[in-house]
Asks: 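Supplied in structure tokens, the structure appears directly below.
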2 protein chains.
Amino acid sequence: MTPAAVVLTEERILDAAEDVLRRFGPAKATVVDVAKALGVSHGSVYRHFPTKVALRDAVARRWLDRLADPLDPARDTDGPAAERLLRWLERLAAIKQGMALNDPELFATFSQLTTEARDVVAVHVGHLAAQLTEIIADGVSRGEFAVTDPPTAGLAVLHATARFHHPLHAAEWADPAIGAQLQEVWRLLVQGLAVRP
Amino acid sequence: MTPAAVVLTEERILDAAEDVLRRFGPAKATVVDVAKALGVSHGSVYRHFPTKVALRDAVARRWLDRLADPLDPARDTDGPAAERLLRWLERLAAIKQGMALNDPELFATFSQLTTEARDVVAVHVGHLAAQLTEIIADGVSRGEFAVTDPPTAGLAVLHATARFHHPLHAAEWADPAIGAQLQEVWRLLVQGLAVRP
DNA sequence: CAGATGACAGATTTCAAACTTTGTCAGTCG
DNA sequence: CGACTGACAAAGTTTGAAATCTGTCATCTG
């Protein structure tokens, strides 16, 4: 008598934890709340995740993977690399900004992680930099860009656009000029990428 | 019987307030502490500044002006504009990073202001953007740069380097790679500035 | 015997009462 | 008469005792 719906999997715990985080926010959500939502004792949750921090990291990891997925450069191969780069940056900004509006509690969880420099975030930043590197390397192979080291350039582009996607800057996203500011930074960057050093 | 040393001027209040902020930090410093340091009642302080926020803003304004002063591009006119731009960015980063280390309580006051979007900060950002604009406009007139709108480019350079000087990013400055990362971003930006559109 | 439980110690958080701070203003002092 | 004082109301902060939470583990259950 252990039907599939009743087996306590990591997946089900993550679903419940995400729900509890969304409802109560990172400051109020407890492991007891998560267990309560699942109808089990909190000891059972500790059977699957060694600490509360590990559970929160796992929720964030899954959430960030889902976030980075639709950005994959393989999903947008039309037109010059410079324009794909702008679209990528605008989509990243739109996703983060939408999250800050629609899912403020989960966004707060993620922001907290970035200030704690947890490695979940380092991996996420690595994914984003790798996607930028892919666009830049493609631009190089098409003769549009002339950088010698695409991974370094990819990271530099991510750093240069921090204002538009780093959660620390969320308060500045209310400024209606923010989109135009991103375009100005992009304009300088793509011209810099195109130059033969 | 009101000798110069005993007249209660805004200047003396600001000195005392800065001192109290430095000792206790923005969270603990009170108007009563400032008055105590001056040997007057707190009512006298309110005779010169309408609110505690106005007093804190005035301290920050004076402090940020002193900070921006040594950056003035007129003090560094040697060599190509691209190199002066890098030196300016590195000096700005060094000043902010030094402040975060040497004067953590005043730095915390400033960081708090930036998150509250007070206009003291907007003015400071305006000063910095104007200094960048000056370097870029000079580069244009020497034929090194080719931007059509130096003020827009100056603001874009400031935005693109936020990671290296915005107080929100203070925690990331501990990374020893931070200096190299700034140079990579600068490299893309100056190449972008040099391109004839 | 794998998986779940719940009692437990120590750490952390909550809550309400006591205290402090802000900002005002009628009154003092030189 | 103008600069300063200090008593005061309202708002905000501290404090410490009570409640809750985290993480462990001996015990239970199917």
Side-chain angles (χ1 to χ4, degrees), chain A residues 1-60 105 108-109 111-113 115-116 118 120, chain B residues 1-60 105 108-109 111-113 115-116 118 120:
Chain A
M1 215 243 265
T2 47
V6 162
V7 171
L8 189 59
T9 60
E10 300 205 348
E11 206 63 12
R12 283 188 62 222
I13 296 177
L14 289 179
D15 288 343
E18 185 172 318
D19 221 64
V20 166
L21 274 170
R22 207 192 305 275
R23 292 217 311 271
F24 302 152
K28 300 278 231 107
T30 72
V31 176
V32 172
D33 291 333
V34 174
K36 219 178 288 177
L38 288 161
V40 300
S41 76
H42 73 283
S44 302
V45 173
Y46 278 101
R47 202 151 274 291
H48 295 268
F49 294 94
T51 65
K52 184 187 185 177
V53 166
L55 173 56
R56 203 188 49 186
D57 282 5
V59 172
E105 301 294 13
T109 304
S111 302
Q112 199 185 70
L113 290 184
T115 68
E116 288 167 17
R118 319 219 95 275
V120 205
Chain B
M1 212 239 265
T2 48
V6 163
V7 171
L8 189 59
T9 59
E10 299 206 347
E11 206 64 12
R12 283 188 62 221
I13 296 177
L14 288 179
D15 287 343
E18 186 172 318
D19 221 65
V20 165
L21 275 171
R22 208 191 305 275
R23 293 216 311 271
F24 303 153
K28 299 278 230 110
T30 71
V31 176
V32 172
D33 291 331
V34 175
K36 220 179 285 177
L38 289 161
V40 300
S41 77
H42 74 283
S44 302
V45 173
Y46 278 100
R47 202 150 274 290
H48 295 267
F49 294 93
T51 64
K52 183 185 186 179
V53 166
L55 173 56
R56 204 189 50 186
D57 282 6
V59 172
E105 301 294 14
T109 304
S111 301
Q112 199 184 70
L113 289 184
T115 68
E116 288 167 15
R118 320 220 92 279
V120 206

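Numbered from 1 within each chain, the chains take letters A, B, ... in sequence-line order.
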Asks: Measure CG/L38(B) against P/dC4(D) and give the value in whole Å, please.
Replies: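 Interatomic distance, CG of L38(B) to P of dC4(D): 11 Å.
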Asks: For Y46(B) and dT21(C), what is the distance between atoms OH and C1' respectively, to the nearest whole Å?
Replies: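 These atoms are roughly 8 Å apart.
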Asks: Looking for any heavy atom pair under 4.0 Å, which part of the strands does V32(A) touch: base, sugar-phosphate only, or nothing?
Replies: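 V32(A): base contact, heavy atoms under 4.0 Å.
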Asks: Rounded to whole angstrom units, what separation is found between the NZ atom of K52(A) and the P atom of dT20(D)?
Replies: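 It is 16 Å, rounded to the nearest whole Å.
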Asks: How many whole angstroms separate atom CZ of F49(B) from atom C1' of dT22(C)?
Replies: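 Nearest whole value for this atom pair: 16 Å.
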Asks: Between atom NE2 of H42(B) and atom NZ of K52(B), what is the distance when rounded to the nearest 0.5 Å?
Replies: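 Between atom NE2 of H42(B) and atom NZ of K52(B) there are 12.0 Å.
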Asks: I need the CZ-C1' distance between R56(B) and dT21(C), as an integer number of Å.
Replies: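 Answer to the nearest Å: 15 Å.
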Asks: Using side-chain heavy atoms (C-beta onward) and a distance below 4.5 Å, is V53(B) in contact with R118(B)?
Replies: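 Yes, at least one pair of side-chain atoms sits under 4.5 Å.
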Asks: Take atom CG of L55(A) and atom P of dT22(D), then tell me their distance rounded to the nearest Å.
Replies: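 About 10 Å, once rounded to whole Å.
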Asks: Base contacts versus sugar-phosphate-only contacts with protein, heavy atoms under 4.0 Å: please encode nucleotides 3-18 of chain C as B, S and - from 5' to 3'.
Replies: -BBBB------S----
Asks: Rounded to whole Å, please give me the gap between NZ in K36(B) and C1' in dG6(D).
Replies: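 Rounded to the whole Å, the gap is 15 Å.
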Asks: When you measure from the side chain of D33(A) to the backbone N and O of T30(A), does any donor-acceptor pair fall under 3.5 Å?
Replies: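 Present.
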Asks: Any side-chain heavy atom of F49(B) sitting closer than 4.5 Å to one from E10(B)?
Replies: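 Side chain of F49(B) against side chain of E10(B), heavy atoms only: contact under 4.5 Å found.
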Asks: Quick check: do L113(B) and R56(B) have side-chain heavy atoms less than 4.5 Å from each other?
Replies: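 With C-beta onward as the side chain, the pair touches.
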Asks: Between V59(A) and T109(A), is there a side-chain heavy-atom distance shorter than 4.5 Å?
Replies: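 In short, these two side chains do not touch, never coming nearer than 4.5 Å.
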